Amino acid sequence: MLRLFDSATGEVRELTFRDPGRASMYVCGPTVSGLPHLGHGRFSLVWDVVRRWLTWHGLEVTYVSNITDIDDKIITRAKEEGRSEEDVVTEFEGEWWIAMDALGIERPDVAPHATAYVDQMVALLERLLSLDIAYVTSDGVYFDVSRVPDYGLLAGQPLESLRAGARVEANDDKRSPLDFALWKLAKPGEPQWAAPFGAGRPGWHTECVVMSLDILGDGFDLHAGGLDLKFPHHENERAQAVAAGDTFARHWGHNGYVMVGNEKMSKSLNNFTSLTDLLAETDQRAYRLLVLRSHYRSPVDVTKATITDAERGLERLDAFARRFEDAITIGDGFLRAADYNFDGASKELVDAVTRRVDDDLDTPGALALLFDAVSTANAWADGAQRDEARELAHTVAVLFGAMGLSLSTTSDDVDDATRALVEARDAARRERNWNEADRLRDELVNNGWIVEDASGETVVRRAKR
RNA sequence: GGCGGCGUGGCCGAGCGGUUAGGCAGGGGCCUGCAAAGCCCCGUACUCCGGUUCGAAUCCGGACGCCGCCUCCA
């Protein structure tokens with residue numbers, strides 16, 4: 001079974017599950033105030049792979065990921081562009097799902113919206129207020145972090161240490177700079193919900209607590225997200241849950257940053273790169289391969305060079321898939337190990353890959369094994385071992401599929417003019433008219449095709465940009 | 001100031017005391033009418049300085065460099 005680094009304990013430990021045979025995951029989703037960026041893509045891919053891998057192991061996974069549809073950034077954008085908050089949310093949630101589909105990410109079982117949970121958030125705040133863990137100020141409701149004994153668990157340092165490093169704020173009535181907003185009182189014209197402590201909107205850290213506990217129940221198995229959410233966002237979520245008497249998540253997972261030119265991509269640095277743009281310009285599987293090729297907790301540098309590198313890797317895999325076309329058909333969606341009977345070289349491969357992925361999601365190690373198997377199967381097919389090669393190829397495709405990477409066996413659509421050139425070239429070749437055949441090949445290449453003579457016939461496919 | 005991570009061959013990227021990571025790019029060969037695809041072979045890397053050890057990219061100490069968190073962010 002899968003072992004994962006747990007941010008709460010600081011060590012790799014075996015995932016254990018509240019309910020035998022069932023896994024529950026909550027992954028912090030996006031605030032839909034703009035186009036999805038590369039960081040969104042990475043966390044979505046990483047936790048999609050975890051979800052698939054647990055399913056591969058035979059678990060029934062319930063995967064929840066929220067949409068934050070009320071937030072300062074949404075209000076700001078709406079104001080700037082002179083439209084309603086709903087309009088902004090609708091547009092960018094639409095873009096979000098388009099990008100997720102393009103990345104081959106399975107939709108969550110439940111994708112709750114924050115605005116649908118305001119009543120429950122208000123109830124939680126009333127509870128925290130009654131316990132004197134939350135307090136009201138002139139601009140909202142705040143959480144008193146000193147009331148949670150192990151505050152700083154996820155940050156990896158004690159409260160005092162965090163307090164020493166906290167920046168001084170210009171504001172306010174907060175008891176401590178680390179205290180965080182649970183509720184923001186509305187200014188005129190802002191979206192607002194009624195509450196006993198004044199009309200306003202919920203703070204970001206509250207929504208995930210309420211939604212995760214409502215949908216998955218206390219003690220759910222894995223709470224995950226990007227590393228930048230570890231502190232303060234997840235710390236603060238946990239503080240609320242613990243203060244309210246829950247144990248919250250059994251296990252915390254965080255994926256590493258996306259770097260752009262050796263610097264963290266972040267809002268303040270304003271060096272965001274849009275996922276939507278990346279997907280429009282590249283093979284949509286390239287980012288998944290790039291993410292699988294790096295360890296999930298390490299930073300990944302996304303550049304033209306690293307994406308191109310991944311695309312070339314895909315070309316090798318696709319050429320492999322075309323060669324074993326009839327052995328590659330595996331269908332979409334979740335794959336389960338129990339549905340297959342592996343033996344011989346295939347069993348060895350499956351076992352070795354499983355050991356790697358189970359070891360804190362060592363997908364780079366797993367990919368090395370799979371690329372090795374690609375070479376092996378090709379070599380067998382070059383020799384006389386056709387059947388063994390086909391079987392191994394099938395296993396390779398299944399394992400890639402288990403991680404959400406599909407190999408393409410389909411040729412590109414060929415237009416009539418191109419087909420005419422292909423037929424003319426084959427005719428020339430039959431007549432051993434090599435000059436004409438080569439001239440036609442050059443023409444095809446100039447038109448952006450890659451030309452191969454597979455089993456004596458001209459086969460073309462689109463060259464990558 | 002506190003906490004944490006990283007520095008590997010042309011590039012990317014694993015590695016967790018001793019036997020080949022892998023990908024991309026490059027070179028040589030086989031195959032091919034010539035190519036492409038595929039196969040075989042090749043580079044012999046680990047920031048620096050000490051130390052532990054029979055043996056270190058891997059452990060310890062130090063130096064230098066880079067990055068992140070402690071503020072919004074996935």
Side-chain angles (χ1 to χ4, degrees), chain A residues 10 27-31 36-47 65 71-73 152 154-158 160-169 177-178 180 204 224-233 235 254-259 262-269 272 275 289-290 293-295 297-301 303 305-320 322-323 356 362-372 374-383 429 432-435 437-438 441-442 445 450-454 456 458-461:
Chain A
V27 177
C28 278
T31 299
H37 57 68
L38 297 179
H40 291 124
R42 163 115 109 150
F43 91 73
S44 299
L45 285 164
V46 165
W47 301 109
S65 191
D71 178 86
D72 290 1
K73 290 189 289 296
L154 290 171
Q157 41 186 328
E160 277 319 305
S161 171
L162 287 166
R163 187 172 283 151
R167 290 161 212 209
V168 183
E169 296 187 42
L178 293 173
F180 56 91
W204 178 44
L227 187 56
D228 47 353
L229 296 188
K230 188 165 76 162
F231 188 91
H233 182 57
E235 188 78 54
H254 295 97
N255 61 274
Y257 293 121
V258 171
M259 312 294 281
N262 211 34
E263 228 178 16
K264 181 195 164 194
M265 186 184 74
S266 74
K267 291 222 188 317
S268 53
L269 291 172
F272 272 89
L275 181 59
L289 183 60
L290 182 58
R293 226 179 53 173
S294 329
H295 188 82
R297 289 192 282 123
S298 299
V300 65
D301 207 15
T303 63
T306 58
I307 287 289
T308 301
D309 199 75
E311 285 189 300
R312 296 226 174 95
L314 284 171
E315 284 182 34
R316 173 168 164 81
L317 295 177
D318 287 345
F320 176 73
R322 284 193 300 276
R323 181 174 192 179
R356 299 296 186 106
D362 178 15
T363 53
L367 287 199
L369 293 167
L370 288 169
F371 273 97
D372 266 347
V374 166
S375 295
T376 301
N378 272 322
W380 284 352
D382 283 353
R429 293 186 72 225
R432 308 185 70 79
N433 183 351
W434 308 126
N435 285 341
D438 290 351
R441 176 166 62 200
D442 289 344
V445 169
I450 290 172
V451 181
E452 291 179 15
D453 296 346
T458 297
V459 173
V460 295
R461 66 177 201 277

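Numbers restart at 1 for each chain; the letters A, B, ... are given by sequence-line order, proteins then strands. Every value quoted in this text rests on a predicted model; they were computed, and no experiment measured them.
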Distance, [atom1] atom - from [M] to [N], rounded to whole angstrom:
{"N": "B:rG28", "M": "B:rA35", "atom1": "P", "value": "12 Å"}
{"N": "B:rC39", "M": "B:rA63", "atom1": "P", "value": "49 Å"}
{"N": "B:rC12", "M": "B:rC46", "atom1": "C1'", "value": "15 Å"}
{"N": "B:rG26", "M": "B:rG65", "atom1": "C1'", "value": "30 Å"}
{"N": "B:rG15", "M": "B:rG5", "atom1": "P", "value": "15 Å"}
{"N": "B:rC11", "M": "B:rU47", "atom1": "P", "value": "13 Å"}
{"N": "B:rC67", "M": "B:rG27", "atom1": "P", "value": "35 Å"}
{"N": "B:rU19", "M": "B:rG55", "atom1": "P", "value": "15 Å"}

How many whole angstroms separate atom [atom1] of [X] from atom [atom2] of [N]?
{"X": "A:H233", "N": "B:rU71", "atom1": "NE2", "atom2": "P", "answer": "16 Å"}
{"X": "A:H254", "N": "B:rC3", "atom1": "NE2", "atom2": "C1'", "answer": "16 Å"}
{"X": "A:K73", "N": "B:rA74", "atom1": "NZ", "atom2": "C1'", "answer": "11 Å"}
{"X": "A:E452", "N": "B:rC39", "atom1": "CD", "atom2": "P", "answer": "13 Å"}
{"X": "A:I450", "N": "B:rA37", "atom1": "CD1", "atom2": "C1'", "answer": "10 Å"}
{"X": "A:E311", "N": "B:rC12", "atom1": "CD", "atom2": "P", "answer": "18 Å"}
{"X": "A:L178", "N": "B:rU71", "atom1": "CG", "atom2": "P", "answer": "6 Å"}
{"X": "A:D228", "N": "B:rU71", "atom1": "CG", "atom2": "P", "answer": "14 Å"}

**Request:** Report the residue (A:D71 or A:F231) whose heavy-atom-nearest nucleotide on RNA chain B is the more 5′ of the two.
**Result:**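 It is A:F231, whose closest nucleotide lies nearer the 5' terminus.
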
**Prompt:** For A:F320 and A:G156, take the nucleotide of RNA chain B holding the closest heavy atom to each; which residue's nucleotide lies nearer the 5' end?
**Reply:**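 Final value for this comparison: A:G156.
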
Check: [Y] and [X] side chains under 4.5 Å, non-hydrogen atoms:
{"X": "A:V300", "Y": "A:L38", "result": "no"}
{"X": "A:T458", "Y": "A:D453", "result": "yes"}
{"X": "A:V374", "Y": "A:L370", "result": "no"}

Please work out if [X] contacts a base, only the sugar-phosphate, or nothing of the nucleic acid, heavy-atom cut-off 4.0 Å.
{"X": "A:P232", "result": "sugar-phosphate"}
{"X": "A:S298", "result": "sugar-phosphate"}
{"X": "A:A379", "result": "sugar-phosphate"}
{"X": "A:N378", "result": "sugar-phosphate"}

Check [X] against [Y] and note the closest heavy-atom contact, atom names and distance.
{"X": "A:A155", "Y": "A:F231", "value": "CB-CD1, 3.3 Å"}
{"X": "A:A437", "Y": "A:R429", "value": "CB-CG, 3.6 Å"}
{"X": "A:H254", "Y": "A:L229", "value": "NE2-C, 4.5 Å"}
{"X": "A:L154", "Y": "A:E235", "value": "N-OE1, 2.9 Å"}
{"X": "A:P299", "Y": "A:M259", "value": "CB-CG, 3.5 Å"}
{"X": "A:A377", "Y": "A:F320", "value": "CB-CE1, 3.7 Å"}

**Asked** Between A:D309 and A:R312, is the closest basic N to carboxylate O distance under 4.0 Å?
**Response**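 Looking at A:D309 together with A:R312, the answer is no, because their closest N to O distance does not fall below 4.0 Å.
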
**Side chains of A:N255 and A:W47, donor plus acceptor under 3.5 Å** =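 A:N255 vs A:W47: donor-acceptor pair found between side chains.
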
I want to verify a distance call: between [options], whose nearest atom is closest to the [X] side chain?
{"X": "A:T306", "options": "B:rA74, B:rC67, B:rC12", "value": "B:rC12"}
{"X": "A:T31", "options": "B:rA74, B:rC69, B:rC34", "value": "B:rA74"}
{"X": "A:S294", "options": "B:rC3, B:rG13, B:rA35", "value": "B:rG13"}
{"X": "A:R323", "options": "B:rG38, B:rG13, B:rA74", "value": "B:rG38"}
{"X": "A:W204", "options": "B:rC39, B:rA74, B:rG33", "value": "B:rA74"}
{"X": "A:L162", "options": "B:rA74, B:rA35, B:rC70", "value": "B:rC70"}

Quick one: [atom1] on [X] to [atom2] on [Y], what's the gap to the nearest 0.5 Å?
{"X": "A:L290", "Y": "A:T306", "atom1": "CG", "atom2": "OG1", "value": "4.5 Å"}
{"X": "A:L367", "Y": "A:L289", "atom1": "CG", "atom2": "CG", "value": "6.0 Å"}
{"X": "A:T31", "Y": "A:W204", "atom1": "OG1", "atom2": "CH2", "value": "6.5 Å"}

**A:W434-B:rG33 aromatic stacking (under 5.5 Å, under 30°)** =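 Yes, A:W434 stacks on the base of B:rG33.
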
**Prompt:** Counting only distance, no hydrogens or angles, is the base of B:rC30 paired donor-acceptor with the side chain of A:D382 under 3.5 Å?
**Reply:** no

**Request:** Encode nucleotides 15-23 of chain B as B, S and - characters from 5' to 3', where the letter depends on protein heavy atoms closer than 4.0 Å: B to the base, S only to sugar-phosphate, - to neither.
**Result:** ------BSB

**Fill in**
Dot-bracket for RNA chain B, 5' to 3', Watson-Crick and G-U pairs with both distances under 3.5 Å, [ ] for crossing pairs, | for partner on another strand, reads ((((((((.[[[..)..(...]]].(((((.......)))))....[[[[[..)....]]]]])))))))....

Tabulate atom names and distances for all N/O pairs under 3.5 angstrom spanning the protein and nucleotides 58-60 of chain B.
none

